[in-house]
K.L.:
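Sharing a structure with you now.
Note on naming: letters A, B, ... go to the chains in the order of the sequence lines (proteins, then strands), and numbering restarts at 1 for each one. Values reported hereafter were calculated over all heavy atoms of this structure, with side chains retained and with hydrogens, waters and symmetry mates removed. Small disclaimer: the values here were computed from a predicted structure and weren't measured.
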Amino acid sequence: MSRMNMIQAIHSAHDVMLEKDPSVVAFGQDIGYFGGVFRCTDGLQKKYGEHRVIDAPIAEGGIVGTAIGLGINGLRPVVEIQFADYIYPGFDQIVSELSRLRYRSAGDFYSPVTIRTPCGGGIRGGQTHSQSPEGIFTHLSGVMTVMVSNPYDAKGLLISAIESDDPIIFFEPKRIYNGPFDGDPDKPSASWASHPKGEVPDGYYTVPLGKADIVEEGEDLTIITYGTIVHVAQAAAERAGVNAEIIDVRTLMPLDIDTLRESVNKTGRAMVAHEATRFCGYGAELVATIQKECFWHLEAPISRVTGWDTPYPHAFEWQYFPVQKRLVEGIRKLMEVE
Amino acid sequence: MTNNPKLHIPQPAARPGEVPDFSYLDLSDAGAVFRPPTNARAAEIENLALEMVRVLDDDHVAQGPWNPDLDKDTLLEALRLMVLTRVYDDRMQRVQRQGKITFYMQALGEEAVSIGQGLAFEPGDMLFPAYRNQGLYIMRETGLVEMMCQCLSNSRDMCKGRQMPIFYQNKKKNLFTISGNLATQYPQAVGWAMGSAIKGEDHIAASWVGDGSTAEADFHYALTFAAVYNAPVVLNVINNQWAISTFQGFAGGERRPFAARGLGLGIPGIRVDGNDLLAVYATTRWAADRARQGGGPTLIELVTYRGGAHSTSDDPTRYRPKDEWEAFPLGDPVNRLKQHLIKLGHWSDEQQTKLEEELRNTVNEAWKEAVSFGTLTEPPFLDVELMFEDVFAEMPEHLKLQRNKLLDLRGEKS
Ligand SMILES: Cc1ncc(C[n+]2csc(CCOP(=O)(O)OP(=O)(O)O)c2C)c(N)n1
Ligand SMILES: [Mg+2]
């Protein structure tokens, strides 16, 4: 066991898998000699060579397209897209090819590509370094979508993703790379050093895909969230003085419906929260699922707290971000209903 | 013994701690490259993409057919604009370090690109800059205070707080809004130029990308459409040798110059000494004239060097020698123009020192004025309702509801 931040945990997942499986290759802009702009592959090119940890030209469509080819030829590419905001030139390759190869070829062809990409705001990145586009990818049929919230899960889920024969879009909220963030930008930044999920095994282990995590057990209501907002939700529940059950969805597609159903049937109240925009956002799917699965147990309308339906503005970062206050308000409304 | 193919992984000539080595850079002598007429057939001038147009020689004397014979006032103005760009960058870099702005990107060492090229276009020509083209905004008189207010996201920010620092715009001066997404503006510039031709106007368009960004598909779309429609556009590649940590070989610069990217499509390319203001101006003017006369697109590669870090988030000592810029064979564009003016008897070191001091004062005064319109942490602030405006021409119902919700939470009903 070691204390790791999320960058170190992701680094460690690469290291373990490059060591374990000679078919694993890392591929992306600035990831080789330099070790990545967030340093997630620092030193790995030196350790595994230039044919295993490969710098790429600045062409996301080219990166995804060639990664698909590597995968078809038996390799296991772990792609880094430098920012989720820059994934779109690769979108056609993901939508039209990666997600449907298996289906259209009746299982003969597939490509086990993992696409990692930092997402989310809270770093004053403005509209091109802050996006949370997970809902665009969960809408596809044929790629799994993950968003992690802590170092332990990040490493375990990344290893699962690399080992999976299905393509996976793996979102890493960059605001919590170095420490959990409870949604209060005025507080000094926290580190993973004192967080239980900052304790990470050094070697190989997995966290299963498709399984949500109950971060906190509670009776009053269920907060269903993922990524950075897991930490905001914990702080907001405390501030609201409620005994909330907090679920970290972790794998958005496929969704762990059982865990959601069980929890909401128990508490009777559900709040869905994410940083991404609201309209047709992933939260809408969560709400629809809960209302179908738990309708007769619900004691109040399901509440939804999200980013606004605007691009992510540089100046109004903290008015855009679903801060504690907004979650607290959602919780209060939910608890008001008798 | 096998003969299996092996991947080539491009390697820069020198890494940290090693001796800088620019032997890979093919140079031509100043004055050595032929200057064809602007209506020359593309197939006959392919050498322009492979050689290097240079005007200023090692003794700072203008040589050969590309000498644009600029008058004294224009040369002095070009020098002033280049120094102003550098002084502005220096100041903004420092205020970023002090935490007054969140981010910054310098054009250190590349000033001749924006200033030399900017001077070669007409005010009605539409420019689609990349993020290291602040010189274009400066030379088209966007105003230092306006530019600083953008970087501050303050109450006078031209982008109303929507963009990170340095993503300027200036509609009145025909300068497009800068995108954070690389190369996206390239096909847009071609489309604008096509529009100009459809409307029967003689305005042309120009756009810029870095060496690294030429790998993006948008770069190639732009060239194809420009070639197919013979669009009146000047497309520029700023080859500053680096794209964050990867050197220009990672965009394919090892095999052929970027200027040659258009040759397969029949687009003339010109490779030019990007640190030689005279050569930059002359080649750009040639391409602009050609486009305006109906000769279609030109691709210009400006060979220069990124003197500073990629951005304030970057540490280049991790991936390139500290002293690489000093070894760059094309020198410092500001110093080269200064020396040329001294040689002509129009300028002196004392005058240069005085100019730098004056411009530093100008920039300092501008900064004082800019912060009086607020910063991210000190009022006056932008009105938060602005967050919901301009998503659409008219605000739809769902955004009005969201805006009201935010205002309610702040205890202010709208
Ligand atoms: C589509 C896209 N992918 C990646 C990035 C991240 N990024 C920003 S600048 C940059 C390097 C660009 O290098 P180059 O084109 O040579 O321009 P320079 O910075 O040298 O001026 C990268 C990879 C981005 N902004 N947009
Ligand atoms: Mg570059």
K.L.:
What part of B:Asp383 lies closer than 4.5 angstrom to a heavy atom of chain A: side chain, backbone, both or neither?
P.N.:
backbone
K.L.:
Please find the pair of heavy atoms, one from A:Leu18 and one from A:Arg52, that lie closest to each other, and give the distance.
P.N.:
O-NH2, 2.8 Å
K.L.:
Could you tell me which portion of A:Gln82 (side chain, backbone, both or neither) has an atom closer than 4.5 angstrom to a non-hydrogen atom of chain B?
P.N.:
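For A:Gln82, the contact with chain B is made by the side chain alone.
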K.L.:
Which one wins on heavy-atom pair count under 4.5 Å against chain B: A:Ile58, A:Thr128, A:Ile123, A:Asp85?
P.N.:
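So the answer, after comparing A:Ile58, A:Thr128, A:Ile123, A:Asp85, is A:Ile58.
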K.L.:
Could you have a look at A:Phe316, A:Tyr320, A:Tyr312 and say which one has the most heavy-atom pairs with chain B under 4.5 angstrom?
P.N.:
A:Phe316
K.L.:
How close do A:Asp30 and B:Ala243 get, heavy atom to heavy atom, and via which atoms?
P.N.:
OD1-O, 3.7 Å
K.L.:
Which heavy-atom pair separates B:Met105 from B:Arg132 by the least distance, and what is that distance?
P.N.:
CE-NH2, 4.0 Å
K.L.:
Look at B:Arg162 together with B:Asp390 and state whether they make a salt bridge at an N to O cut-off of under 4.0 Å.
P.N.:
yes
K.L.:
If we define contacts as heavy-atom pairs under 4.5 Å, which of B:Ile244, B:Asp218, B:Leu182, B:Leu152 has the most with chain A?
P.N.:
B:Ile244
K.L.:
Looking at A:Gly126, A:Ala56, A:Gly62, A:Ala59, which has the largest count of heavy-atom pairs under 4.5 Å with chain B?
P.N.:
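Ranked by contacts with chain B, first place is A:Ala59.
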K.L.:
With chain B, which of A:Phe34, A:Phe279, A:Trp308, A:Tyr88 has the greatest number of heavy-atom pairs at distances under 4.5 Å?
P.N.:
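Ranked by contacts with chain B, first place is A:Trp308.
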K.L.:
Taking side chain as everything from C-beta outward and backbone as N, CA, C, O, which of these in B:Gln248 sits under 4.5 Å from a heavy atom of chain A? Side chain, backbone, both or neither.
P.N.:
neither
K.L.:
Measure from NZ or CZ of B:Arg156 to the centre of the six-membered ring of B:Phe373, then state whether that distance is under 6.0 Å and the direction lies within 45° of the axis.
P.N.:
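Cation-pi check for B:Arg156 and B:Phe373: passes.
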K.L.:
Between B:Trp208 and B:Tyr186, is the ring centroid distance below 6.0 Å?
P.N.:
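Ring centres of B:Tyr186 and B:Trp208 not closer than 6.0 Å.
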K.L.:
Where does the angle between the aromatic ring planes of B:Phe128 and B:Phe176 fall among parallel (under 30°), tilted (30 to 60°) and perpendicular (over 60°)?
P.N.:
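Rings of B:Phe128 and B:Phe176: tilted, 30 to 60°.
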K.L.:
Side chain from CB out, backbone as N, CA, C, O: work out which of these in B:Asp314 comes under 4.5 Å of a heavy atom of chain A, or both, or neither.
P.N.:
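For B:Asp314, the contact with chain A is made by the side chain alone.
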K.L.:
Does the structure place the NZ or CZ of A:Arg326 under 6.0 Å from the centre of the six-membered ring of A:Trp318, at an angle of no more than 45° from the ring's axis?
P.N.:
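No, A:Arg326 and A:Trp318 do not form such a contact.
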K.L.:
Counting heavy-atom pairs under 4.5 Å with chain A, which one of B:Arg15, B:His398, B:Lys6 comes out on top?
P.N.:
B:Arg15
K.L.:
Which of the residues B:Phe219, B:Phe381, B:Phe388 is involved in the greatest number of heavy-atom pairs with chain A at under 4.5 angstrom?
P.N.:
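The option with the most such pairs is B:Phe388.
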K.L.:
Side chain, backbone, both or neither: which part of A:Phe83 has an atom under 4.5 Å from a heavy atom of chain B?
P.N.:
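Neither part; nothing is under 4.5 Å.
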K.L.:
Side chains of B:Tyr137 and B:Gln150: closer than 4.5 Å at any heavy-atom pair?
P.N.:
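No, too far: nothing below the 4.5 Å cut-off.
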K.L.:
Among A:Arg278, A:Lys325, A:Gln29, A:Glu60, single out the residue with the greatest number of heavy-atom pairs under 4.5 Å to chain B.
P.N.:
A:Glu60
K.L.:
Might you point out which heavy atoms bring B:Ala222 and B:Pro187 nearest each other, and give the distance in Å?
P.N.:
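Scanning both residues, the minimum pair turns out to be CB-N, 3.7 Å.
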K.L.:
Which atoms of B:Pro16 are under 4.5 Å from chain A, going by heavy atoms: the side chain, the backbone, both sets, or neither?
P.N.:
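Both parts, backbone and side chain.
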K.L.:
Is A:Glu50 close to chain B through its backbone or its side chain, or both, or neither, when contacts mean heavy atoms under 4.5 Å?
P.N.:
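Looking at A:Glu50, backbone and side chain both touch chain B.
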K.L.:
If you count heavy-atom pairs under 4.5 Å with chain A, which of B:Leu386, B:Leu399, B:Asn154 comes out on top?
P.N.:
B:Leu399
K.L.:
Is it the side chain or the backbone of A:Glu317 that comes within 4.5 Å of chain B heavy atoms, both, or neither?
P.N.:
neither
K.L.:
Cation over ring, A:Arg124 on B:Phe103, under 6.0 Å and within 45°?
P.N.:
no
